[in-house]
A.B. asks: 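So that we are looking at the same thing, I have put the structure below in structure tokens.
Count residues from 1 along the sequence. Model, not experiment: these values are computed from the prediction. The figures that follow rest on heavy atoms only: side chains count, while hydrogens, waters and symmetry mates do not.
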Amino acid sequence: MRKIGGLLSLASAAVVTAALSGCIVAPPAPRPVYAAPPGVVYVAPNYASPGIGYAWEYHPHYGWGWRHPQYGWHRGWH
């Protein structure tokens, strides 16, 4: 009986390994790099990002600044 139990656990381990061996975990897609609109000079940020999720983008009225896709512009720009 002991030999059958060992073979059964070995067989189940082989099945699990075979089933999971084809799984591929892809890394998260990077955010696209923001490019300046035509005719606009890129200006690098002069202070650190205010938080996770903010991207350095161009605002048509204020120029370059930090923008979050959910919370909007840092420093209250509209």
A.B. asks: What's the shortest heavy-atom distance between G53 and P69, and which atoms?
C.D. replies: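 Smallest interatomic distance, heavy atoms only, reads O-CD, 3.3 Å.
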A.B. asks: Could you give me the CA-CA distance, side-chain angles and deciding distance for H59 and W64, then say whether side chain to side chain contact (heavy atoms under 4.5 Å, CB included) is met?
C.D. replies: CA-CA 6 Å; H59 188 281; W64 291 94; over 6 Å; no
A.B. asks: Ring pair (Phe, Tyr, Trp, His ring centres under 6.0 Å) with Y71: which residues, sequence neighbours excluded?
C.D. replies: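 With neighbours one apart ignored, the set is H68.
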A.B. asks: If I compare all heavy atoms of P37 with all of Y58, which pair ends up nearest, and what's the gap?
C.D. replies: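 It is CG-CD2, 3.8 Å.
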A.B. asks: Side chains of residues 42-49: which donor-acceptor partners sit under 3.5 Å, not counting sequence neighbours?
C.D. replies:
unit_1, atom_1, unit_2, atom_2, d
Y47, OH, H74, ND1, 3.3
S49, OG, G51, N, 3.4
S49, OG, G51, O, 2.9

A.B. asks: Evaluate the side-chain proximity of W66 to W73: yes if any heavy-atom separation is below 4.5 Å, no if none is.
C.D. replies: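 The answer is no; the side chains never approach within 4.5 Å.
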